[in-house]
Amino acid sequence: MSKSSWVRGGLFAAAITACASAFMPAQAQQPPIKVGVLHSLSGTMAISETTLKDTIVMLVEEQNKAGGLLGRKLEAVVVDPASNWPLFAEKMRELLQVHKVDVVFGCWTSVSRKSVLPVVEELNGLLFYPVQYEGEESSRNIFYTGAAPNQQAIPAVEYLMSKDGGEAMRFVLLGTDYVYPRTTNKILRAFLHSKGIADADIMEEYTPFGHSDWQTIVARVKRFASEGKKTAVISTINGDANVPFYKELGNQGIKAEDIPVVAFSVGEEELAGIDTKPLVGHLAAWNYFQSVKNPINEAFIKKWHAFTKNPKRVTNDPMEAHYIGFKMWVQAVQQAGTTNVDAVRQAMYGQKVMSLSGYDVQMHPNHHLSKPVMIGEVQEDGQFEIVWQTKGPIVADAWSPYIAENKGKVANWTYPWVCGNCTEPRFKN
Amino acid sequence: MRLVRGVLVLCAFLLGFGVRATNADPFADAVAALGADGFAARAAAVERLADLGDPRAVPVLRAMSEGQLLVRKADGALAIQDGTRAYDPVTNQTLVSFNPDDYETVRLNNRLRSTLRGALGRLVLFSPDPRERLEAAIGVFKTRSVENLPLLRKAIAAETDAEVLAQLRLSLAATQLLSDDRAERLAGIAGLAGAADVEVRAMLLQLAADGEPDAEVRRRAADAVAALDRRLATLRLVQNLIQGLSLGAVLLLAAMGLTITFGVMGVINMAYGEMVMIGAYATFVVQQLVREYALGLTELTPILAIPTAFVVAGALGIALERSVIRHLYGRPLETLLMTWGVSMILQQAVRSIFGATNREVASPSWMSGAIEIAGGITVTQNRIWIILFSLAVLAAVILATRLTRFGLYMRAVTQNRGMASAMGIRTGRIDALTFGLGSGIAGMAGVALSQIDNVSPNLGQAYIVDSFMVVVFGGVGNLYGTLLGAMSLGVINKFLEPYAGAVLGKILVLVAVILFIQRRPRGLFALKGRAAEV
């Protein structure tokens, strides 16, 4: 580089710095705290994950308006893993090594989480994972802010078996063919056995991703329901396959009063693409619904509408999980006085946040939350009416007691256990 | 005189008010309880209201089941909303100072909905409208209760409409099963004997499950179930066949455009699925325009969307052919890669314009619901229309290639390009138009798919593999082959699915097609003669 271009470069840099410091005088001296956002903005999963990216960007903006964190500004670093599972791992590496982010909020599918897990452990990063999932995991470097099966699936089945839920005695387990539905259904089957439901009263059926021809399966469900006992469908159908499924149910005249369907992956966002009239009365189990009535939630929805400039945008459960995760991380950073991953991790345990659902939720040493469980019925306007909820928050089981191999397994990252999957404490005196 | 009358009215009013407060107008009282807190309390109120047998309860309960009954947040006063107007459920007087923000809907849950259905059933059983009576009879059938027996008998004695009468008899028989009287139960089983309905089967089985004490009744019920199962087995075969044909029709529709671009022109167009997707989005845009400017045409949205989708997708196809594909004729690998790239560009473009989330395309009423063939076996309306639509498109395409000048040119160019060119046909123009035709048909397929699938940027990807499979299986470039290929794949799929499950069923079909192609590389209908050499 010639001398003159050095000078020119220097002048240019000085100009930029001057310009920048004119706009943000106090904090410009310190580099910003970087918040990585690892959500697909293109490809199949963009439908769900784009919203979560917007949520984090909004929360970062809001935190900056409130004065930043530790006297520094926050900066969201958004990358696009394009619904491509190996690319998730690459982008995670890029976030941690090139951008040197202090924390990452990201992933939706379990397979994407499994693909980034070795990277985030190797580089000692920090990932907040916001989606309900099958459990059976507790990594030192991941905080799971979505529901574990005992915070969603099992209370939902208990509700279906109760008087209000219709006293179902026969169950159809419908799912998309991948790890989350298969593991959840394994847990549910064991749970149903423990409630005295025989195998003959359980029908399990899987379909490929994006399945669009539901005629045969819906007809089979109808037939299965004609055995003289009240039947309910538990759906772990994921993504795009839901719309044709519910359309077929509606067209074949299956009403929620006859055969209720409770879904674990259908929220407000998914309903926005469907004509909800034929679905009224079908159920979903989550830890949060947009229809929850409390001032925090109402304020959040207002902010969300203002941020997206769309008064019709809905909120959903994974967004709430990100809200909890982000607030908790901010608190933990303040408590630790640094963004150092190990210090923040230690500060996370026991951290409490007032969630949008109106409950105090807490982070436990198994890296999972205690959360309330709610059952909502689909209404004509695409919202859920909460028909049942647990008395208080429920602590997540990282390892389900309903799976035989999990006997004695413990996830606890505090002394003396310090492990995510062990049967004996790491430290013994 | 006027004064006296005024005083009298006032007295009557006060009296009425007093009477109401002391529960002498049970109707007003029961109605007021509908807005109570808690689903159980509301269900009890519905029962109480229905038991009064007061016909005034019908519109109130109907409004409640349709979500039009509102409760004022401040004091729990009720109102029925009818468009922008609202009226009092007891007095039917319009509420003058009605502000929707002060009210919220009386919410329902499944238990309450089913209670409502039963209650309305009992009340409407004697309505002058036969359609209402039929609905009521079905309601009573679904929510059986022994107390309804005398009511049903009375209704049967008074009924004149044959269809309603048949349903009432079925409802009566189903209700008789619950009776304590053995003779009643036997009569019920006999009454249900002719039915071919999965719900009847459930009721008969429930009889045994509930611990029926009488051996004779148990035996008769088991016999009835066995007879029912035989009838249902035959019907199930018919149902599988119809479902197979309807899946076949979807495949046919999706593959027809590909037969032209891939089969006739030999272009491997990976962006084909995106043409389908664009057709679906065209439907969405037409729907939004209709909602904005011509609400009266809402029911016709899909019909208006067909030409729109054809033109939009067709124009895009022509643009694609002129700009990219024509430079790559005879280089299949490059075409494949290039069109794949185009498909990703189109997907992301749609995602940027319309957003990543699904778009809602509502089905018009003539395309929703189902036709019941017999015994709980139903064919959904939208599928029937799609079968008809796909056959109509096929006929139109065949006629167009056979009878029009453009069709003649098209066949000439694909059979012998050099000769056609020598005869003065502008082959480049024909190529573009042919590609446009194939893409336009894909767009029309998108209109149909918007009725049964998601309108999302990924719509096309779901169909591209199936479409190629159908075209290869049916014989490249032959529309009849496509028809037969689509229909047989659909039917095979639907007959395998109940036994093998959806995932394995799909794999088995793929394996079968691969084996078939091994034996007959040119598919079901191989083109013969010179065209096959191209």
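Lettering follows sequence order; numbering is per chain, from 1.
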Exercise. Under a 4.5 Å cut-off applied to non-hydrogen side-chain atoms, are A/Trp304 and A/Thr55 in contact?
Worked result: yes
Exercise. Can you check side-chain contact (heavy atoms from CB on, under 4.5 Å) on A/Ile386 and A/Ile375, steps first, answer last?
Worked result: CA-CA 6 Å; A/Ile386 298 161; A/Ile375 311 275; over 6 Å; no
For this session: Report the option among B/Asn458, B/Asn240, B/Asn454 that has the most heavy-atom pairs separated by less than 4.5 Å from atoms of chain A.
Result: B/Asn454
For this session: Provide the full list of salt bridge (charged side-chain N to carboxylate O under 4.0 Å, His left out) pairs with a residue in residues 358-369 of chain B, sequence neighbours left out, each pair given once.
Result: B/Arg291-B/Glu360
Seminar exercise, completed: When the 4.5 angstrom heavy-atom criterion is applied to B/Asn382 and chain A, the contacting part is side chain
Problem set entry | Aromatic plane relationship, B/Phe354 with B/Phe284 - under 30° parallel, 30 to 60° tilted, over 60° perpendicular | perpendicular
Exercise. Are B/Val379 and B/Ser246 close enough that some pair of their side-chain heavy atoms sits under 4.5 Å apart?
Worked result: no
Seminar exercise, completed: Whatever's closer than 4.5 Å to a heavy atom in chain A on B/Leu108 counts as backbone
For this session: Using a cut-off of under 4.5 Å on heavy-atom pairs, state which of B/Pro498, B/Gly501, B/Gly355 scores highest against chain A.
Result: B/Pro498
Seminar exercise, completed: Applying a strict 4.5 Å limit to non-hydrogen atoms, the region of A/Gln215 in contact with chain B is both
Exercise. Chain A: which of B/Lys142, B/Arg351, B/Met367 shares the most heavy-atom pairs with it under 4.5 Å?
Worked result: B/Arg351
Exercise. Where on B/Gln461 is there a heavy atom nearer than 4.5 Å to chain A: the side chain, the backbone, both, or neither?
Worked result: neither
For this session: Quick one: which of B/Val503, B/Leu112, B/Asn493 has the most heavy-atom pairs under 4.5 Å with chain A, could you say?
Result: B/Val503
Problem set entry | Structural part of B/Leu247 lying under 4.5 Å from a heavy atom of chain A | both
Exercise. Checking A/Thr50 against chain B: side chain, backbone, both or neither under 4.5 Å from a heavy atom?
Worked result: side chain
Exercise. Which atoms of A/Asp177 come close to chain B, meaning under 4.5 Å heavy atom to heavy atom: side chain ones, backbone ones, both, or neither?
Worked result: side chain
Exercise. Taking NZ, NE, NH1 and NH2 as the nitrogens, is one of them in A/Asp80 or A/Lys53 under 4.0 Å from a carboxylate oxygen of the other?
Worked result: no
Exercise. What part of B/Gln347 gets closer than 4.5 Å to chain A, counting heavy atoms only: side chain, backbone, both or neither?
Worked result: neither
Seminar exercise, completed: The single option from B/Arg113, B/Arg111, B/Arg107 that satisfies salt bridge (charged side-chain N to carboxylate O under 4.0 Å, His left out) with A/Glu377 is B/Arg113
Problem set entry | Toward chain A, the part of B/Ser456 with a non-hydrogen atom under 4.5 Å | side chain
Problem set entry | Within-4.5 Å side-chain heavy-atom neighbours: B/Leu449 and B/Val276 | yes
Exercise. A/Glu205 pairs by side chain to side chain contact (heavy atoms under 4.5 Å, CB included) with which of A/Leu174, A/Leu173, A/Asn185?
Worked result: A/Leu174
Problem set entry | Contacting moiety of A/Lys255, where chain B heavy atoms sit under 4.5 Å | side chain
Problem set entry | Heavy-atom proximity to chain B below 4.5 Å, by part of A/Glu269 | side chain
Seminar exercise, completed: Cut-off 4.5 Å, heavy atoms of chain A, and the answer for B/Asp453 is both
Problem set entry | Under 3.5 Å side-chain donor-acceptor pair for A/Asn242 and A/Ser265 | no
Exercise. Which bit of B/Val361 is near chain A, if near means a heavy-atom gap under 4.5 Å: side chain, backbone, both or neither?
Worked result: backbone
For this session: Could you tell me which portion of A/Ile217 (side chain, backbone, both or neither) has an atom closer than 4.5 angstrom to a non-hydrogen atom of chain B?
Result: both
